[in-house]
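This report concerns only the one structure given below.
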Amino acid sequence: MKQIEAVVANINDLNDGEMRQVSVGETEILLSRIDGKFYAVGAHCAHYKAPLADGVLSGDHVVCPWHNAYFDVTTGDQLEPPGLDSLASYQVRIEAENVIVSVPEETTGLRSPTMAQFNPNVDGRTFVILGAGAAGVHAAQTLRVAGYQGRIVMITQEDQLPYDRTKLSKDYFIGKTSSEEMPLRSPDFFKEHAIEVLLNHQVEQVQTTAKAIAFTNGDSLTYDALLVATGGKPRQLDIPGADLQNILTLRSFADADRILTTIKQKGQAVVIGSSFIGMETASGLSQQGLQVTVISPDSVPFKKTLGEEIGKIFQQVHEENGVSFKLGRKAVQFEGSDKVEAVILDNGDRLQADIVIIGVGVQPATDFLKGVELHPKDRSVVVDEYLCAGDSIYAAGDIARYPDWRTNESIRVEHWRVAAQHGRIAAYNMAGKAVKFRGLPLFWTMQFKFPLRYVGHAQSWDEIIVDGDLQKQEFIAFYIKNNQVLAVATSHRDTETAAISELMRLNQMLTVEELRRGIVDLIHKQPQVSSKR
């Protein structure tokens, strides 16, 4: 393929450990200097195309400023999700003091990772993945990246190939993303890499002693290794009238389409629950022109997750955009002849409703598992640091209860990125690599024009130290427990969020004493890393 080349810098323009975005023709490139050598890779993250130059360079990898994907800047390889592709890597040469980069005439800046080819003559095993969400699709791809050449079967009860679930209550819901943009991989990708995807398959039982899966349609399948990544089932309300039409949940592609079809007539919408899915749905419905009321038993949205002050900001943003709240209240009955017409609250209030969205959380989809330890509290799958739940069986994503390497607590996290991280690590271990899970939870939300990133995990805290201005929605909030920063919530502080992610991963976060003294220089606190991650 024809190459285009250009002088992009002088050798003295970058010091070791620095990066910048440059261009060769119309191709944008991330140029970095590591140990005296220059490297050039694609300039934009494989996930949502964030400019990586706005992230943080640590050792030989860059941390994306938006959702904290990691890429090796010397090779372009993706090291941490989200996103499934790696960055394109370009040729660099030095002439005199000029840094010259060559790029193909046509390049997207991305590339698929190097993957092994299916060869049953080399490996006759069958690895099965139950679930086609973030964990499932990352696991399927990573098995091939790890060199596994046997059969891969990914199974889903949905009629869709793996898609970006995070967009359902965000961009897809408000029309910024089309249905054609939702799939994470094309049908050709799965065919090329011999990843079988069984759609519309509902599991009846997994018998782990026999390593056998039975389906409700009568089919069966045996496996040599199994990853269970079935995610969560939306919780329902067991109250009178719950079987009326137009009472819906938002978990799947089909759910989103049903809601979008229903709201074409506009009208009154009631969202039950102030969870992230509930609040994002309220934001989306309001932007679609509906009058929205949120009902929640909580006194403030997100109080248990983010604290009262930040929770009140979310409430304020919603109210400024026309959303009403009934807080400290519960729905006790739905009324209507055929379709829902009203919601009755525990104080007797009656709210008119043309559509009701239930957003009161999910429960792990694990009822079909036999012979696996399930946690007594929520029936999640108990796994070790390798995400292993037993003999040749692994669990990932919403259903997995795993040891937090930072606190040694047993935790379960319902985040898209955690599921993707789990899928990758479980796949490496299925392939015999023995990799411990050392990922950091991260989630993000966008409600109206208020973005929030959250890194780490804090089930409770002793105090919250805030840098910035909460009311201006530009801040970093540090959640402290036992004199340790367990989690950080940020808004409009993207580069610093990337630095936080890396410092927490390396256990080099700012100390509580520094934070109390107002020392919050995250950009210039250099992580102590070797040249190789």
Side-chain angles (χ1 to χ4, degrees), residues 14-21 30 32-35 39 41 43-48 50-83 86-87 404-407 413 415 417-418 420-421 424-425 435-444 452-458 465 467 475-480 484-512 514-515 519-533:
L14 272 72
N15 295 320
D16 272 342
E18 289 186 346
M19 63 181 177
R20 68 168 55 172
Q21 183 172 307
L30 184 70
S32 57
R33 182 172 181 173
I34 310 294
D35 294 334
Y39 299 91
V41 296
H44 298 278
C45 180
H47 184 223
Y48 287 171
L52 294 173
D54 290 344
V56 170
L57 184 61
S58 175
D60 59 1
H61 61 275
V62 61
V63 186
C64 173
W66 290 1
H67 305 131
N68 297 176
Y70 284 58
F71 299 92
D72 186 325
V73 296
T74 70
T75 64
D77 290 344
Q78 188 192 60
L79 303 172
E80 285 278 358
S86 293
L87 305 175
D404 184 342
W405 62 272
R406 300 181 70 219
T407 64
V413 178
H415 299 164
R417 182 174 184 256
V418 170
Q421 291 171 306
R424 286 166 60 99
I425 297 302
V435 180
K436 295 179 180 180
F437 181 69
R438 290 290 184 269
L440 274 173
L442 176 136
F443 71 81
W444 62 92
L452 185 114
R453 312 273 190 265
Y454 180 98
V455 184
H457 182 75
I465 298 175
D467 176 75
F475 61 83
I476 304 175
F478 301 87
Y479 295 78
I480 313 300
Q484 180 184 8
V485 178
L486 292 185
V488 181
T490 74
S491 184
H492 292 110
R493 302 281 287 268
D494 290 348
T495 301
E496 287 160 294
T497 306
I500 287 165
S501 179
E502 178 67 351
L503 292 169
M504 291 179 75
R505 182 186 74 83
L506 296 168
N507 265 338
Q508 296 176 18
M509 190 59 199
L510 293 169
T511 67
V512 175
E514 288 175 317
L515 295 175
I519 301 173
V520 192
D521 188 352
L522 294 153
I523 302 302
H524 298 100
K525 181 178 173 63
Q526 295 296 319
Q528 300 302 307
V529 295
S530 63
S531 62
K532 282 295 177 183
R533 186 169 184 271

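Each residue takes its place number in the sequence, starting with 1.
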Side chain to side chain donor-acceptor pair (under 3.5 Å) against Asp467, all qualifying residues, sequence neighbours excluded: Arg493
Over all atoms of both residues, closest heavy-atom pair of Pro441 and Gly439: CD-O, 4.0 Å
Under the side-chain contact (heavy atoms from CB on, under 4.5 Å) test, residues paired with Asp16 that sit two or more places apart: Arg33
Partners meeting side chain to side chain donor-acceptor pair (under 3.5 Å) with Arg453 (sequence neighbours left out): none
Minimal non-hydrogen separation, Gly76 against Phe71, with atom names: O-CD2, 4.0 Å
Arg505 CZ to Ile500 CD1 distance, which is reported to the nearest 0.5 Å: 15.0 Å
Contacts of Asp77 that satisfy salt bridge (charged side-chain N to carboxylate O under 4.0 Å, His left out) - sequence neighbours left out: Arg111
Test side chain to side chain donor-acceptor pair (under 3.5 Å) applied to Ser32 - qualifying residues, sequence neighbours left out: none
Euclidean distance, Leu30 CG relative to Met19 CE, rounded to 0.5 Å: 6.0 Å
Side chain to side chain, Val418 and Leu442, heavy atoms closer than 4.5 Å: no
Residue pair Val73 / Val41: nearest heavy atoms and the distance that separates them: O-CG1, 3.4 Å
Atom of Ala498, atom of Gly55 and distance for their closest heavy-atom approach: CB-CA, 4.4 Å
Parallel, tilted or perpendicular, as decided by the 30° and 60° cut-offs, for the rings of Tyr479 and Tyr454: tilted
Verdict with reasoning, Arg417 to His47, per side chain to side chain contact (heavy atoms under 4.5 Å, CB included): CA-CA 11 Å; Arg417 182 174 184 256; His47 184 223; over 6 Å; no
Derivation of the side chain to side chain contact (heavy atoms under 4.5 Å, CB included) call for Thr75 and Asp72: CA-CA 6 Å; Thr75 64; Asp72 186 325; 3.4 Å; yes
Interatomic spacing from NE2 in His67 to CG in Asp494 - rounded to 0.5 Å: 8.0 Å
From Asp60 atom CG to Tyr70 atom OH, the distance as rounded to the nearest 0.5 Å: 12.0 Å
Worked verdict on Ile480 versus Leu486 for side chain to side chain contact (heavy atoms under 4.5 Å, CB included): CA-CA 6 Å; Ile480 313 300; Leu486 292 185; over 6 Å; no
Atom pair OG1/CD1 of Thr490 and Ile476 - distance to nearest 0.5 Å: 6.5 Å
Qualifying residues under side chain to side chain donor-acceptor pair (under 3.5 Å), relative to Gln21, sequence neighbours excluded: Glu28
Taking every non-hydrogen atom, the tightest pair across Leu522 and Met509: CD2-CE, 3.9 Å
Non-hydrogen side-chain atoms of Trp66 and Pro82 separated by less than 4.5 Å: no
Main-chain N/O of His61 paired with Ser58 side-chain donor or acceptor, under 3.5 Å: no
Arg438 backbone acceptor or donor facing Trp405 side chain under 3.5 Å: yes
Worked check of side chain to side chain contact (heavy atoms under 4.5 Å, CB included) between Phe437 and Asp404: CA-CA 9 Å; Phe437 181 69; Asp404 184 342; over 6 Å; no
Interatomic spacing from CE in Met504 to OG in Ser501 - rounded to 0.5 Å: 8.0 Å
Residue from His457, Glu502, Arg406, Glu80 passing side chain to side chain contact (heavy atoms under 4.5 Å, CB included) with Leu440: Arg406
